[in-house]
Number of protein chains: 2
Amino acid sequence: MPTLSDIADDVGVSTMTVSRALADKPGVASDTRHRVLESAKRLGYTVNLEGRAPVKEQTQKIGVLVNNVGSEYSGEIIDGISNILDVANYDIVIFNPFKMRRSPNEYVVEVCQYAIDGLLIAAANRLQPQSVEYLEQAIRQHFPVVFIDQRVAGSTVPYVTAQNRQGAYDATRYLIQLGHRRIGFILGPHTESPSGERLDGYRDALAQNGIAQDDQLVKNGDFTRQGGYAAALLLLSMDEPPTAIFASNDPMAFGVYKAVQQSGKRIPEDISVIGFDDIALSADIHPPLTTVRQPLREMGRVGAQMLLDMLRARDEPPVAVMELRTSLILRDSCAPLR
Amino acid sequence: MPTLSDIADDVGVSTMTVSRALADKPGVASDTRHRVLESAKRLGYTVNLEGRAPVKEQTQKIGVLVNNVGSEYSGEIIDGISNILDVANYDIVIFNPFKMRRSPNEYVVEVCQYAIDGLLIAAANRLQPQSVEYLEQAIRQHFPVVFIDQRVAGSTVPYVTAQNRQGAYDATRYLIQLGHRRIGFILGPHTESPSGERLDGYRDALAQNGIAQDDQLVKNGDFTRQGGYAAALLLLSMDEPPTAIFASNDPMAFGVYKAVQQSGKRIPEDISVIGFDDIALSADIHPPLTTVRQPLREMGRVGAQMLLDMLRARDEPPVAVMELRTSLILRDSCAPLR
DNA sequence: TTGTATGCGTTATCAC
DNA sequence: GTGATAACGCATACAA
């Protein structure tokens with residue numbers, strides 16, 4: 001690709017004059033400027049940002065690490081991030097490490113080396129201590145990092161998350177109020193912090209209402225439809241199956257829908273289903289899903305704003321934690337126990 | 001962030017020795033190497049890729065431009081791209097321009113300036129002629145670009161796409177074979193090339209079976225659930241509503257489901273629905289969606305492979321066009337006309 | 001208005 | 001085994 005000096009040679013001026021002309025800076029004769037622009041167009045010149053970055057020491061780009069770009073979950077978070085960063089004149093570069101060759105841990109380091117001014121890490125499952133340590137060091141060196149929807153115990157990396165425990169408590173209590181006593185629970189992966197928090201909320205509600213814990217009713221899942229489907233099959237085939245199922249995220253609830261519908265039962269008449277997320281699809285499927293809304297867009301926005309604050313006030317200690325409220329969205333997938 | 005010379009000062013050697021030691025290259029005393037590595041670790045050093053890129057002139061990164069990171073459609077294409085690029089030792093950087101501040105056209109130029117060795121453009125709707133022209137120039141300057149699922153008339157940019165017309169023809173003929181005569185069609189955005197091709201296939205099938213075109217039955221859509229829902233409401237409220245609806249992608253078919261279910265009608269007993277894509281969700285919703293499968297992962301793989309070929313054989317003319325076959329996936333959303 | 005010198009962080013080359 | 005020098009593409013500071 002052509003460079004500044006190619007144009008300089010072409011026009012017969014110095015690279016500096018070319019640089020000024022292209023950057024639309026004052027101090028270039030309008031005749032010279034025209035000749036430069038014409039030459040640049042003819043040669044097909046575009047800046048090489050790699051050359052500019054080391055000089056300017058900022059790229060106006062923020063990296064975003066997600067683990068599944070094809071999910072509405074990620075899409076909504078990224079949307080929220082865009083909202084804020086657009087206004088602040090930052091671009092977004094998305095890295096999708098968890099489907100990639102490298103281990104997530106190496107990848108975190110690599111991403112930080114990239115031409116970005118800061119990093120947002122969404123749903124950073126499987127992050128090992130050494131990676132977290134590396135991130136903390138990066139922050140000390142004024143490279144801002146923020147976790148979104150991920151709490152890392154004992155770490156100083158700032159994060160924004162939802163009130164998972166409270167949300168799960170609310171959902172479970174709602175089912176109990178409808179008369180349900182045998183409530184199945186489908187876990188998320190144990191590597192993600194919200195999973196355990198939601199389980200805690202579920203248990204809180206059972207305990208507070210004098211319902212004995214039955215570990216048979218808690219099945220492993222992985223936050224995917226397939227995982228929810230598999231777990232639901234297990235629950236439905238129990239000797240004494242649950243009358244309600246709490247899937248700890250919405251995609252797993254869709255998997256539950258599939259299993260229930262295949263079994264010939266109806267939602268909510270025969271079995272109540274409740275989810276967690278409130279992604280857009282949840283309102284559109286049939287029957288519309290009752291779920292715990294966590295403000296994914298808002299989490300993206302808040303995370304981005306925290307990052308910008310760290311970027312602007314380099315020496316002040318960053319806001320460490322933001323917990324956003326959840327709310328129970330009542331739709332048509334739950335009914336009183338018959 | 002610390003640099004090579006910080007370590008050099010710390011250890012008391014030259015930057016060159018540090019560079020060699022960190023790159024694991026021969027010609028460094030093992031004692032020196034150890035001291036360098038120790039210092040690097042202590043200081044929290046990581047390479048600055050922006051400094052390396054201008055020297056090496058390649059970054060082992062490929063850019064991917066998509067317009068909706070939250071869709072299964074994009075997710076599956078990106079997945080296919082990963083499959084190929086992982087093996088070839090390239091990383092993927094995803095740009096999500098169409099939700100961003102800049103116009104897509106400026107953005108295309110900007111992305112090319114970024115630290116990437118090539119660019120895959122998926123579903124590049126709204127690309128104006130000047131952008132396409134820019135991309136063609138970039139290709140001439142050995143910066144490889146490939147379109148995925150996008151055909152640009154009169155352009156020399158290589159692309160991979162599906163046989164949209166044939167696929168839509170097959171779907172429509174299937175409905176006709178089931179006895180349907182009034183078949184609604186929901187368009188994609190006119191800015192995307194597959195939209196028109198699918199409409200053509202639909203019309204081909206009607207014409208070949210002696211069914212008169214009724215433009216009332218063709219409604220605008222935008223490849224989103226909401227768009228499909230709105231279009232379906234229009235179709236269902238017609239004086240003589242269609243007995244089958246062909247949504248030209250799967251998300252719009254889900255929108256049709258919602259409208260039909262709200263109207264109290266049943267799929268497929270009262271109305272048949274057929275989609276186009278075969279994203280994973282289509283098999284999981286109720287009833288499972290009959291749809292035209294286009295191999296999205298395969299399109300990602302093929303596009304990535306075309307890019308690698310261009311990268312490797314810089315002077316040979318690239319493969320211009322790849323068209324992948326579609327296939328009709330029969331599930332439970334279509335039934336014979338009663 | 002234009003050009004020169006210098007530097008960013010890294011690596012290749014060629015000395016020693 | 002190690003280091004000085006130059007180079008990548010660009011921009012800042014200063015000189016002409």
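Note on naming: letters A, B, ... go to the chains in the order of the sequence lines (proteins, then strands), and numbering restarts at 1 for each one.
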List in chain and number order the residues that pass salt bridge (charged side-chain N to carboxylate O under 4.0 Å, His left out) with [X], two or more places apart in sequence or in another chain; answer none if no residue qualifies.
X         : value
Glu38(B)  : Arg42(B)
Glu323(A) : Arg151(A)
Arg301(A) : Glu298(A)

task: Can you pull out how bent the helix from dT1(C)-dA16(D) to dC16(C)-dG1(D) is, comparing the axes over its first five and last five pairs, to 10°?
output: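 Result, rounded to 10 degrees: 40°.
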
State which residues pass side chain to side chain donor-acceptor pair (under 3.5 Å) with [X]; sequence neighbours excluded, sorted by chain then number.
X         : answer
Thr15(B)  : none
Glu136(B) : Ser155(B)
Tyr134(B) : Thr46(A)

query: Between Thr17(A) and dG3(C), is there a side-chain N or O to OP1/OP2 distance below 4.0 Å?
result: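 Checking dG3(C) against Thr17(A), a side-chain N or O does come within under 4.0 Å of OP1 or OP2.
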
task: Would you please confirm or rule out a distance under 4.0 Å between OP1 or OP2 of dT2(D) and any side-chain N or O of Thr32(B)?
output: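 Checking Thr32(B) against dT2(D): at least one side-chain N or O falls below 4.0 Å of OP1 or OP2.
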
task: Summarise protein proximity over nucleotides 9-16 of chain C in one line of letters, 5' to 3': B for base, S for sugar-phosphate only, - for none, counting protein heavy atoms closer than 4.0 Å.
output: BBBB----

field: Any donor-acceptor pair under 3.5 Å from Asp117(A) side chain to Thr59(A) backbone
entry: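 Checking the backbone N and O of Thr59(A) against the side chain of Asp117(A), a donor-acceptor pair under 3.5 Å is found.
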
Take atom [atom1] of [X] and atom [atom2] of [N], then tell me their distance rounded to the nearest Å.
X        : N       : atom1 : atom2 : result
Leu22(A) : dT12(D) : CG    : P     : 14 Å
Arg35(B) : dT2(D)  : CZ    : C1'   : 12 Å
Asp24(A) : dA11(D) : CG    : C1'   : 16 Å

Considering only distance and modelled atom types, tabulate donor-acceptor pairs under 3.5 Å from the side chains of residues 23-33 of chain A, sequence neighbours left out.
unit_1: Asp31(A); atom_1: OD2; unit_2: Arg35(A); atom_2: NH1; d: 3.2
unit_1: Arg33(A); atom_1: NH2; unit_2: Lys25(A); atom_2: O; d: 2.4

